[in-house]
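The structure appears right after this line, and notes come after that.
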Amino acid sequence: MRVNALPLAMTGRISGMDAMDRPSDRPEPGRVAASQVMERLLTDIRSGALSPGTWLKQIDLEERYGAGRPAIRQALERLAEKRLIGHVRNRGYHVHRPDGQQTSDLLAIRLYLEVGAADRIVEQATPEAAAELERLAVGFDALIEDGPMVALYEANLSFHRFLLSIAGNDELVQLVDELRQRMSSAPVSQWISPGRIRRSAAEHHQMVAAIKAGASEDLKAAIRRHILQPDG
């Protein structure tokens, strides 16, 4: 996707407005909840309607989504907290612009840490821990077809945090969280199609199966596939 810089430079407003966004087609301002704004904004980002690098001005979003300023502000704050959009202090919010080299470097560090933890995870996993991890994987599955994207993101994060926590090293969990904070998160950078989301779900279950079987090499392979996503 390329940045549609000209309309921004000329008007200072977000691009992608079309006939469906006319005022007559939108709900009355103030009647749209922050959660609805979040979902619609994520949909527009993932579809390319809002290009990488686009600045998200509150007044434009109010018009686009028919929401009041409090709902828009709350939606932007929540999305920024989850790394679904970027935030620059004293400037505002923007759609993430991928940095290929930085992303590659951060993924390499995650590989070192998470694949390196696989032996310890298998060694430390109890039947109860494996059952809880499987419950989290099933919870992710349940959201794939109809669940809100933000809920899917949170379910994915819960699965991975618990997976790493089995190793018994709180610093590892925190360090991987910090690495994630430096990258745009899965809904806008990796889940480029429903098929990719379903493959992510399948990989969750492969990790669970490897842990139950005590197969650390299988767990390492599943984690590696999950992070690198060679199939796109």
Could you verify whether a donor N or O on one side chain and an acceptor N or O on the other, from [X] and [Y], lie under 3.5 Å apart?
| X | Y | value |
| --- | --- | --- |
| R225 | Q206 | yes |
| H226 | H160 | yes |
| H204 | D141 | no |

Same apolar cluster: I211 and V138, side chain cutoff 4.5 Å: no

Of all heavy-atom pairs between [X] and [Y], which one has the smallest distance, and what is that distance?
| X | Y | answer |
| --- | --- | --- |
| G92 | H87 | O-CD2, 3.3 Å |
| L172 | A117 | CD2-CB, 3.7 Å |
| V32 | A67 | CB-CB, 3.9 Å |
| I121 | A167 | CG1-CB, 3.9 Å |
| I223 | A118 | CD1-CB, 4.5 Å |

Measure the spacing between [atom1] of [X] and [atom2] of [Y] and express it to the nearest 0.5 Å.
| X | Y | atom1 | atom2 | result |
| --- | --- | --- | --- | --- |
| Q58 | E63 | CD | CD | 12.5 Å |
| L50 | I85 | CG | CD1 | 10.5 Å |
| L111 | L106 | CG | CG | 11.5 Å |
| N169 | L164 | CG | CG | 9.5 Å |
| R40 | I45 | CZ | CD1 | 13.0 Å |
| L107 | Q229 | CG | CD | 9.0 Å |

Any side-chain heavy atom of [X] within less than 4.5 Å of one from [Y]?
| X | Y | answer |
| --- | --- | --- |
| L113 | I109 | yes |
| L152 | M149 | yes |
| Y153 | L143 | no |

Look at R64 together with D44 and state whether they make a salt bridge at an N to O cut-off of under 4.0 Å. yes

Using a strict threshold of under 4.0 Å (side-chain N to carboxylate O), is an ion pair present between E62 and K57?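 So K57 does not pair with E62 through a salt bridge.
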
Please tabulate, one pair per line, all N/O donor-acceptor pairs under 3.5 Å involving side-chain atoms of residues 72-79, not counting sequence neighbours.
none

With salt bridge (charged side-chain N to carboxylate O under 4.0 Å, His left out) as the criterion, how do E203 and R224 come out once you've worked through the C-alpha distance, each side chain's angles and the decisive distance to 0.1 Å? CA-CA 10 Å; E203 288 158 3; R224 189 176 292 111; over 6 Å; no

When you measure from the side chain of [X] to the backbone of [Y], do you find a donor-acceptor pair of N or O atoms at a distance under 3.5 Å?
| X | Y | value |
| --- | --- | --- |
| S104 | Q101 | no |
| T43 | E39 | yes |
| T126 | A129 | yes |

side-chain contact (heavy atoms from CB on, under 4.5 Å) evaluation trace for Y93 with L41: CA-CA 12 Å; Y93 299 88; L41 185 52; over 6 Å; no

Quick one: do I59 and R69 satisfy side-chain contact (heavy atoms from CB on, under 4.5 Å)? Show the steps, please. CA-CA 8 Å; I59 189 171; R69 179 151 299 194; 4.0 Å; yes

Pairs flagged by side-chain hydrogen bond (donor to acceptor under 3.5 Å, both in side chains) wherever residues 107-125 is involved - sequence neighbours left out: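 Qualifying pairs, neighbours excluded: R110-E114, D119-S216, D119-K220, R120-E123.
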
side-chain contact (heavy atoms from CB on, under 4.5 Å) for F140 and I144? Distances and angles first, verdict last. CA-CA 7 Å; F140 180 89; I144 291 176; 4.1 Å; yes

Could you check H94 against T54 for side-chain contact (heavy atoms from CB on, under 4.5 Å), going step by step and ending with a plain yes or no? CA-CA 5 Å; H94 63 90; T54 298; over 6 Å; no

